[in-house]
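Sequence lines set the chain letters: A, B, ... in the order given, protein chains first and strands last, and positions in each chain run from 1.
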Protein chains: 2
Amino acid sequence: MQQHILSPNFSVDCVVFGFDFENLKVLLVERTLDDKETGKALVKDHTLAGNHVFNDEDLDEAAARVLYDLTGLENIYLEQFHTFGNPDRLTKEKDIMWLESIGLNPENRVVTTAYYSLIRLNDVKIEEKGRRLVWHPVDKPIDLAFDHKIIISLALEALRTKIRTNPIGFELLPTKFTLSQLQKLYEEIFGVTYDKRNFRKKISRMDYLVPLNEKQKGVAHKPAQLFMFSKDVYEKTKKDFFDFTV
Amino acid sequence: MQQHILSPNFSVDCVVFGFDFENLKVLLVERTLDDKETGKALVKDHTLAGNHVFNDEDLDEAAARVLYDLTGLENIYLEQFHTFGNPDRLTKEKDIMWLESIGLNPENRVVTTAYYSLIRLNDVKIEEKGRRLVWHPVDKPIDLAFDHKIIISLALEALRTKIRTNPIGFELLPTKFTLSQLQKLYEEIFGVTYDKRNFRKKISRMDYLVPLNEKQKGVAHKPAQLFMFSKDVYEKTKKDFFDFTV
DNA sequence: ATTTTAAGTGTACAGAATACACTTAATTCT
DNA sequence: AGAATTAAGTGTATTCTGTACACTTAAAAT
């Protein structure tokens, strides 16, 4: 097998979620194509972070590479959730124009395996490497390329399912966070609100949420206690996280 | 795009689950390759139900087609759960021999999208169409082709996750079933046992499990009440199925 | 010193999970 | 015909979890 050739048929797309304590956001890449003569924008919208897969590369590696190439970030939480292979998924007119403009054959069938990814927006600095990036609120409509709208909505569904039974929300928070931040995160993901006392009563059962000897600073109100998530404690007391029984 | 050509790069595999009131089983296809000279078996094991995808075919369609071609069954519950794209997934020696014997190039990278599928073993008659099929208990080891062992174990995990919050277990039971059969099904899927009274107390809250005016017949003990699952009732009372709250 | 802001805290009630053992109704056996 | 076998069917007490609900506190800003 020839090495390091981008396979024309396989791609990966990453739905990168971030949380800024206000909204759950998705990382989008700006896509523009201007008419060579008039200079008018023929295509102006957004795509997910995505690219083709190398011939000798696993899908998980490809997803991590795509993220690295776009943002410079490594060791990011990545979870495969669905593969989109509708033969018509690249046949909207503006997508055909776009593919031709970057030298790809729009006739060529591309099956894409989609991942979602969780990023600590507040701990982390993203370096734009070429493409213009925007963080966009998940629930706000925006014009998207290809079938990326449906990909995002399935990603959110997959995230909701996963986070019910796995402590992955902490991937979206700084390593030290307050309980109100944690609550707000869950509220944003599920699109609901919770009662503060009841929320705290519930999570106070979780030993792996450890209170630190440290408070919030510089806020114009009573400073909150800081917490961190202990993976160690979690691994040793796994049953406690939303355990299932029929 | 040329029509009805099997794409060399894409395949689908189906992990078909069935339940015989005793064990959760998987449908496997026998695979044998005999040495032309000695007649000795070079390869003798099992594969999942799978095949390549047509050029103009969606992945979901391909999975349904593969199932139909193998068993004659239609309108079967199918759920995509993972895509396997490790470049080395077809490089075990016996798999190379096998691929060559059926005229495929083992150098060719194949990414497979895996589905699991639920079948009412007791309502349904499978017609073998060519290939020899066996129903094998999920938890019993057996020699499997390619990466099909790991595919089955991820399928089971995906089924467990899905069935926690969705009433899909009924796809594995005949349309009329007893509560003991339902309990046994959950016990097999999760590899645990439940207390009979507590199990019944829990499911008695589910309005969509409707008791029929009919009893089991021909059993050498007190005959059980028969039940069915009402999709109608379920749709109208959805919240009741294992609802989540943080 | 006062205002503003979000943090932090307790109780009563209802519903769900869990532990646990005997009676009943059909077939089969003698 | 009677006895044995088999799985179905049923209730209660206790603990745990979910839910509804309002005031006090500590910091910064005015």
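Between the side chains of B/Thr71 and B/Arg131, no donor-acceptor pair is found at a separation under 3.5 Å.
When every heavy atom of A/Ala224 is checked against every heavy atom of A/Thr178, the shortest pair comes out as CB-CG2, 3.6 Å.
Classification of the A/Tyr186-A/Phe190 ring pair by plane angle, with boundaries at 30° and 60°, yields parallel.
B/Arg197 places its CZ atom 8 Å from the C1' atom of C/dA19, with the value rounded to the nearest Å.
No option in B/Phe227, B/Phe19, B/Phe229 other than B/Phe229 meets the ring pair (Phe, Tyr, Trp, His ring centres under 6.0 Å) test with B/Phe170.
OP1 or OP2 of D/dG18 has at least one side-chain nitrogen or oxygen of A/Arg205 nearer than 4.0 Å. Using a 4.0 Å cut-off, some side-chain N or O of B/Lys202 falls inside it from OP1 or OP2 of C/dA17. Dashed line: the shortest gap from a side-chain N or O of A/Arg200 to OP1 or OP2 of D/dT19 is not under 4.0 Å. In this model, the phosphate group of C/dA7 is approached by a side-chain N or O of A/Ser180 to a distance below 4.0 Å at OP1 or OP2.
Checking B/Val219 against A/Gln216, the closest nucleotide of DNA chain C that is more toward the 5' end is the one next to A/Gln216. Remark on DNA chain C: of its neighbouring residues B/Ala220 and A/Gln181, the 5'-side contact belongs to A/Gln181, judged by nearest-heavy-atom nucleotide.
Of the candidates D/dT12, D/dG9, C/dA7, the closest approach to any side-chain atom of B/Lys222 belongs to D/dG9. The side chain of A/Asn198 lies closest to D/dA20 when the candidates are C/dA7, D/dA20, D/dA27.
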